[in-house]
Amino acid sequence: MPELPEVETVRRGLSPVMEGARIVRADIRRDGLRWPFPDRMADRLTGARVLRLARRSKYLLADLDTGETLITHLGMSGRMLISGHALGKFHHDHPAPEKHDHVVLDMENGARVTFNDPRRFGAMDLCDTAGLDAHKLIRVLGPEPLGNAFDEPYLMDALKRRNSPIKTALLDQGIIAGLGNIYVCEVLFRAGIHPTRKAARLSSTRAAGLVPIIRDVLGEAIESGGSSLNDYRQADGELGYFQHNFRVYGREGQPCVTQGCTGKIRRITQSGRSTFYCAQCQR
DNA sequence: GTTCTTACCTGAGGGC
DNA sequence: TGCCCTCAGGTAAGAA
């Protein structure tokens, strides 16, 4: 599931083949994914040079020399595949497009970038780079958890006014941008906070304590993705998914990893999503 | 205004 | 082997 760390890993993997390179061909293989693709997307991409590949929350942002930015969201199952580039060298050998390959970008350097998304929850849009912050998907986002605007006073204040469970509040992209179901579970476990606890009822000390934990969990995941990036990409050209060692996520019924704890990991449903936690460690 | 539920979508995995 | 059912989850829109 692409959350912030996975998207950042994808960005780092795409950067050497896309940044500074011109798109010589854009093959748009369907009308859209979650939403229709923008008008004349192929025309607007063809010939454009990628100036910079950035990330905001879970969105990949490719600034083009046409004054537009290509916004990409990987949704639930989106992947970026690179062909024609291995061991730092470019070639022009590409596999035939497969099912669910929706957008294929050929770069002038010979690399091919393919957006594959079986569940089609992903999205692509184009907007003026100058107006990016006002884009409907971007303007509703809260601060970046790894950025300077996200700090203890901010989070304490944001949580204080939320009556929803802390799990739900941390999933709210307007409070923090980029956390998804998996990392919220991991963060709450490390913080020792029960997922059903009301956000507003958290002590300011515990709310503030979430800030460094969120940074640590995301930072470690990015590092783990980055360190496995090269080997992984050389294997099959795929970016974005790595087997992290989760402490609670997906571990229902298994023993808690905390030393001395005899509890087992439980699974409950909150807002239609699975929450994993240890009832002994998290209160 | 806030919070909760549902729809979107396909593949994987379990049960029979 | 194959069919049916459930589940996974980011986001938006509608409901409560």
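Numbered from 1 within each chain, the chains take letters A, B, ... in sequence-line order. Only this structure's heavy atoms are used, side chains among them; waters, hydrogens and symmetry mates stay out.
- Per the geometry, CG belonging to A:L33 stands 14 Å off C1' belonging to C:dT11, to the nearest Å.
- Comparing atom distances between the A:E3 side chain and each of B:dG11, C:dG10, C:dT11 picks out C:dG10 as nearest.
- Side-chain N/O atoms of A:R162 include none lying less than 4.0 angstrom from OP1 or OP2 on B:dT2.
- Following rounding to the nearest Å, A:Y183 (OH) and C:dA8 (P) show an atom-to-atom distance of 18 Å.
- Checking the phosphate oxygens (OP1, OP2) of C:dT11, a side-chain nitrogen or oxygen of A:H73 falls inside 4.0 Å.
- Proximity note for A:R34 (side chain, C-beta onward) versus C:dT11, C:dA8, B:dG11: the nearest is C:dT11.
- The nearest whole Å value for the distance from the CD1 atom in A:I268 to the P atom in C:dA8 is 13 Å.
- A salt bridge links A:D172 to A:R162: at least one charged side-chain nitrogen sits closer than 4.0 Å to a carboxylate oxygen.
- Across all strands shown, A:D117 has no heavy atoms under 4.0 Å from either base or sugar-phosphate atoms.
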CA sep, side-chain torsions, deciding dist, call: A:K167, A:N181, side chain to side chain donor-acceptor pair (under 3.5 Å)
CA-CA 9 Å; A:K167 161 82 188 301; A:N181 200 44; 2.8 Å; yes

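- What separates CG of A:D125 from C1' of C:dG10 is a distance of 17 Å, to the nearest Å.
- In the set B:dC9, B:dT5, C:dT11, the nucleotide with an atom closest to the side chain of A:R119 is B:dC9.
- Comparing A:S271 and A:H100, the nucleotide of DNA chain B nearest to each residue sits closer to the 5' end for A:S271.
- Minimum atom distance to the side chain of A:F121 is reached by B:dC8, of the listed B:dC8, C:dT11, B:dC4.
- The aromatic rings of A:F90 and A:H85 lie tilted to each other, with the angle between the two planes from 30° to 60°.
- For A:E144 and A:R56, the salt-bridge test passes: some basic side-chain N is under 4.0 Å from an acidic carboxylate O.
- No more than 12 heavy atoms of other residues, nucleotides or ligands sit less than 6.0 Å from atom CZ of A:R201.
- Here A:R267 reaches the OP1 or OP2 of C:dA8: one of its side-chain N or O atoms lies under 4.0 Å away.
- Side chain of A:K99, nearest nucleotide from B:dG11, B:dT3, C:dT11: B:dG11.
- When the C1' atom of B:dT6 is taken as reference, atom CD of A:Q270 falls 18 Å away, rounded to whole Å.
- Phosphate contact (OP1/OP2 of C:dT11, side-chain N/O of A:Q173, threshold under 4.0 Å): present.
- Between the NZ atom of A:K198 and the C1' atom of B:dT2 there is a distance of 11 Å, given to the nearest Å.
- Between C:dT11 and A:K136, no contact under 4.0 Å exists linking OP1 or OP2 to a side-chain N or O.
- Minimum atom distance to the side chain of A:N181 is reached by C:dG10, of the listed C:dT11, C:dG10, B:dC9.
- A:I166 has its CD1 atom 16 Å from the C1' atom of B:dT2, to the nearest Å.
- Between A:R190 and A:E186, none of the side-chain N atoms (NZ, or NE/NH1/NH2) sits under 4.0 Å from a carboxylate O, so this pair counts as no salt bridge.
- Counting any heavy atom pair closer than 4.0 Å across all strands shown, A:R120 reaches sugar-phosphate atoms only and no base atom.
- Residue A:L137 is in sugar-phosphate contact alone, with no base atom involved, counting any heavy-atom pair closer than 4.0 Å across all strands shown.
- Contact of A:R273 with C:dT11 (side chain to base): a donor-acceptor pair of N or O atoms is detected under 3.5 Å.
- If you measure from atom CE of A:M76 to atom C1' of B:dC8, you get 11 Å, rounded to the nearest angstrom.
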